[in-house]
Amino acid sequence: MRLDLQELGTEPLTVELPLTLTALTDNYGEPIEVRKAQLTTEARRIRGGVELTGRLVAQVALSCSRCAETFDLGVDRGFRLLAVESPASVAFGSAEKPDFDEDGLVATEQGHVDLAAVATEQIYLDLPLKPVCRPDCRSLCPACGANRNRIECGCQNQDVDPRFGALVEFRKRMGQS
């Protein structure tokens, strides 16, 4: 969906639309499924460009970085952006520039703003670096690979910090287990 800024008059324009977003990938290049996304934005002319304020609400399917199970992450993110013809033309630090930083600028393409690109950017900004299905995720067993959230595998691995490996060996030599 493209918002035509040339048709924007002096009154603000409010847009609410469901979006179908594709082509998102995670840190490993795996596709991210956006199950539903709803974008609400208000566009109004201000000095220096067009201000876009709004909210994105979405459900994103991610893979847990501990157990590799797929889980849904809710995204609910507000935003405030400035649509400009060319980000290079904005004079940062001048009295004519509104209170936006470089991260809050959106370049227009022939007077249009791509709302799908805005929504995609907001999703990426809300994604965790290491997604976890739940805070107490027990991960995969390093010995057999079983998902420890589902079953007790019975492996007798003791998670020993490798920095303490020499102390463990010393303890074994001394006859203590």
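Just so you know, residue 1 is the first one in the sequence shown, and it goes up from there.
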Heavy-atom distance under 4.5 Å between the side chains of [X] and [Y], does that happen here?
X	Y	result
Gln122	Leu81	yes
Thr120	Val34	no
Leu82	Ile46	yes
Val60	Ile32	yes

Please check if atom [atom1] in [X] has more than 12 non-hydrogen atoms from other residues, nucleotides or ligands closer than 6.0 Å.
X	atom1	value
Tyr124	OH	yes
Arg35	CZ	yes
Ile151	CD1	yes

Please name the pair of heavy atoms, one in [X] and one in [Y], separated by the smallest distance, quoted to 0.1 Å.
X	Y	result
Gly74	Asp126	O-OD2, 4.4 Å
Phe79	Arg55	CE2-N, 3.6 Å
Ala37	Leu56	CB-CD1, 4.4 Å
Gln6	Gln110	NE2-O, 3.6 Å
Leu19	Ala116	CD1-CA, 4.4 Å

As an exercise, state the distance from [atom1] of [X] to [atom2] of [Y], rounded to the nearest 0.5 Å.
X	Y	atom1	atom2	answer
Glu30	Leu62	CD	CG	12.0 Å
Asp26	Lys130	CG	NZ	10.0 Å
Ile123	Gln59	CD1	CD	10.5 Å
Gln38	Glu16	CD	CD	6.5 Å

- prompt: Would Leu17 end up clustered with Leu13 when hydrophobic side chains under 4.5 Å apart are linked, directly or stepwise?
  reply: yes
task: Please check if Val15 and Val50 belong to a single hydrophobic cluster, counting links between Ile, Leu, Val, Met, Phe, Trp and Tyr side chain heavy atoms closer than 4.5 Å.
output: yes
message: So, applying side-chain contact (heavy atoms from CB on, under 4.5 Å) with His112, which one of Asp4, Leu5, Leu3 is it?
response: Asp4
In a table with atom names and distances, give each donor-acceptor pair under 3.5 Å that connects a side chain of residues 133-145 to protein atoms at least two apart or in another chain.
unit_1 : atom_1 : unit_2 : atom_2 : d
Arg134 : NE     : Asp136 : OD1    : 2.9
Arg134 : NH2    : Asn149 : OD1    : 3.0
Arg138 : NH1    : Arg148 : O      : 2.8
Arg138 : NH1    : Glu152 : OE2    : 2.7
Arg138 : NH2    : Glu152 : OE2    : 2.9
Ser139 : OG     : Arg148 : NH2    : 3.0

query: Can you list the steps and then say if Arg45 with Leu8 is a side-chain contact (heavy atoms from CB on, under 4.5 Å)?
result: CA-CA 8 Å; Arg45 290 202 180 279; Leu8 183 63; 3.9 Å; yes
- prompt: Okay, side chain of Thr41, backbone of Thr53: is any donor-acceptor separation there less than 3.5 Å?
  reply: yes
- prompt: For Val132, does its backbone N or O pair with a side-chain atom of Ser65 as donor and acceptor, under 3.5 Å?
  reply: no
